[in-house]
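The chains referred to below are lettered A, B, ... by the order of the sequence lines, with proteins before strands, and numbering in each begins at 1. What you are looking at is a predicted structure, and each value in this text was computed from that prediction instead of being measured.
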Number of protein chains: 2
Amino acid sequence: MARPSGSDAGVTGPRVHAAAERLFARSGYAAVSMRQIAAEVGIGAGALYHYTPDKQTLLRRLMLDHLKDLLSAWAEADPGGDPITRLDAFARFHIRFHLDRPDAVFIAYMELRSLDPDNFSAVEARRKCYEAIPETILRDGVAAGRMRLADPKVASVALIAMLTGVNTWYRDGGRLDRAAVEGIYADLAMGLVGARRGAG
Amino acid sequence: MARPSGSDAGVTGPRVHAAAERLFARSGYAAVSMRQIAAEVGIGAGALYHYTPDKQTLLRRLMLDHLKDLLSAWAEADPGGDPITRLDAFARFHIRFHLDRPDAVFIAYMELRSLDPDNFSAVEARRKCYEAIPETILRDGVAAGRMRLADPKVASVALIAMLTGVNTWYRDGGRLDRAAVEGIYADLAMGLVGARRGAG
DNA sequence: GTCTATAGGAAGATAGAC
DNA sequence: GTCTATCTTCCTATAGAC
């Protein structure tokens with residue numbers, strides 16, 4: 001039987017996080033007020049402080065949760081094996097993951113500067129873990145003679161930037177569906193690392 | 001002979017724009033106050049309004065000036081000729097231009113959402129002009145059989161995202177100098193479009 | 001061209017009733 | 001667990017003196 005009033009602990013908390021995620025992504029952390037977040041949830045501004053000590057902690061929580069999800073999802077998706085197989089899997093994984101969570105991704109990339117120094121360090125450390133994934137794959141690929149890269153480090157950040165860019169233009173119902181986009185980017189990734197037959 | 005006091009019209013105006021550019025890039029439009037901008041210039045907050053009608057117009061001015069510079073600089077740098085030559089020139093131009101103006105570039109990419117609808121339309125129109133440049137080059141390259149791309153449109157936005165990413169990590173005095181970075185990215189661009197001999 | 005002062009509003013966060 | 005009311009601070013923008 002339902003509680004007397006609008007209680008439901010364990011339900012409002014996630015709704016606060018979801019509302020903050022949506023609003024931060026749309027307007028930016030600094031431009032969103034606690035009152036707006038409360039209104040989106042359907043509670044008063046004062047009640048928000050039962051779910052977060054302050055606005056900054058809300059942002060940190062969103063960022064860290066997102067990066068934790070990202071890292072554990074790749075641990076699950078990583079096929080291992082040869083570098084070409086792993087690169088294909090990584091490119092497709094990155095596209096899928098990013099298209100599925102546009103708001104969280106947008107915040108993670110755009111609001112780093114809104115973090116307090118301590119929170120920034122915590123987030124940056126996890127970001128670096130993710131960036132190390134393609135770098136390892138590319139170094140292995142070069143070492144195995146399957147990829148040709150003057151600088152695997154630069155190539156790996158270039159790869160991530162290229163893949164992440166999908167979120168700036170992809171919309172459901174457009175010219176291409178997700179599977180098609182995934183395939184196109186996986187193919188571009190192969191060319192990027194010199195693992196595709198060229199046209200010379 | 002110098003004017004009596006801290007006058008110097010035609011000098012404070014540009015300083016206001018420069019201060020706004022630096023601060024908007026560092027902290028974001030919404031997080032920067034007119035008082036901060038004034039303090040950076042060394043004047044009172046009230047005096048700012050002799051140089052801009054409001055904060056939003058300051059942002060629009062920065063964005064439109066940047067995009068005007070970008071488009072005219074490419075018009076100057078475009079070598080014409082065959083698609084491979086033009087792609088190499090475009091990649092190098094984009095890297096150079098972006099590394100030379102990190103603040104303006106950062107604002108142009110991050111603060112689109114801070115623009116009023118009318119200002120957004122004006123800026124977006126110029127952005128599309130720039131995005132059309134690599135798209136044309138890639139289509140010509142595919143038509144000439146010099147590039148291999150399943151989707152030149154997606155490849156061109158992927159290319160721009162990859163190149164623009166340089167601003168997230170490059171710092172003067174690091175492991176690589178600008179010329180080296182330019183060369184690495186130009187090479188990656190060739191691979192991306194399938195115009196480089198692969199390692200297969 | 002810059003200053004000080006201020007109008008008018010909205011922000012983050014807290015207190016205490018229910 | 002949520003509400004209303006409020007404290008305190010900061011904001012954009014304007015007015016008028018010099």
Self-check item: Pair B/Thr57, B/Asp54: side-chain N/O donor-acceptor within cut-off below 3.5 Å
Solution: yes
Practice problem: Answer with yes or no whether the side chains of A/Asp118 and A/Ser121 bring together a donor and an acceptor at under 3.5 Å. | Solution: no
Practice problem: For each nucleotide in nucleotides 12-18 of chain C, reading 5' to 3', give B when a protein heavy atom comes within less than 4.0 Å of its base, S when such contact involves only the sugar-phosphate, and - otherwise. | Solution: BBB----
Practice problem: With salt bridge (Lys or Arg N to Asp or Glu O under 4.0 Å) as the test, would you mind laying out the steps for A/Arg148 and B/Asp187 before giving the verdict? | Solution: CA-CA 10 Å; A/Arg148 251 170 229 190; B/Asp187 200 42; over 6 Å; no
Quiz prompt | Spacing between B/Tyr51 atom OH and D/dA13 atom P, to the nearest angstrom | solution = 17 Å
Quiz item: Do any N or O atoms from the side chain of B/Lys55 and from the backbone of B/Tyr29 form a donor-acceptor pair under 3.5 angstrom?
Solution: yes
Quiz prompt | Protein-nucleotide distance (A/Ile43, atom CD1; D/dC3, atom C1'), rounded to Å | solution = 11 Å
Quiz item: Can you name the residues that form a ring-ring contact (aromatic ring centres under 6.0 Å, His included) with B/Tyr130, not counting sequence neighbours?
Solution: B/Phe90, B/His94
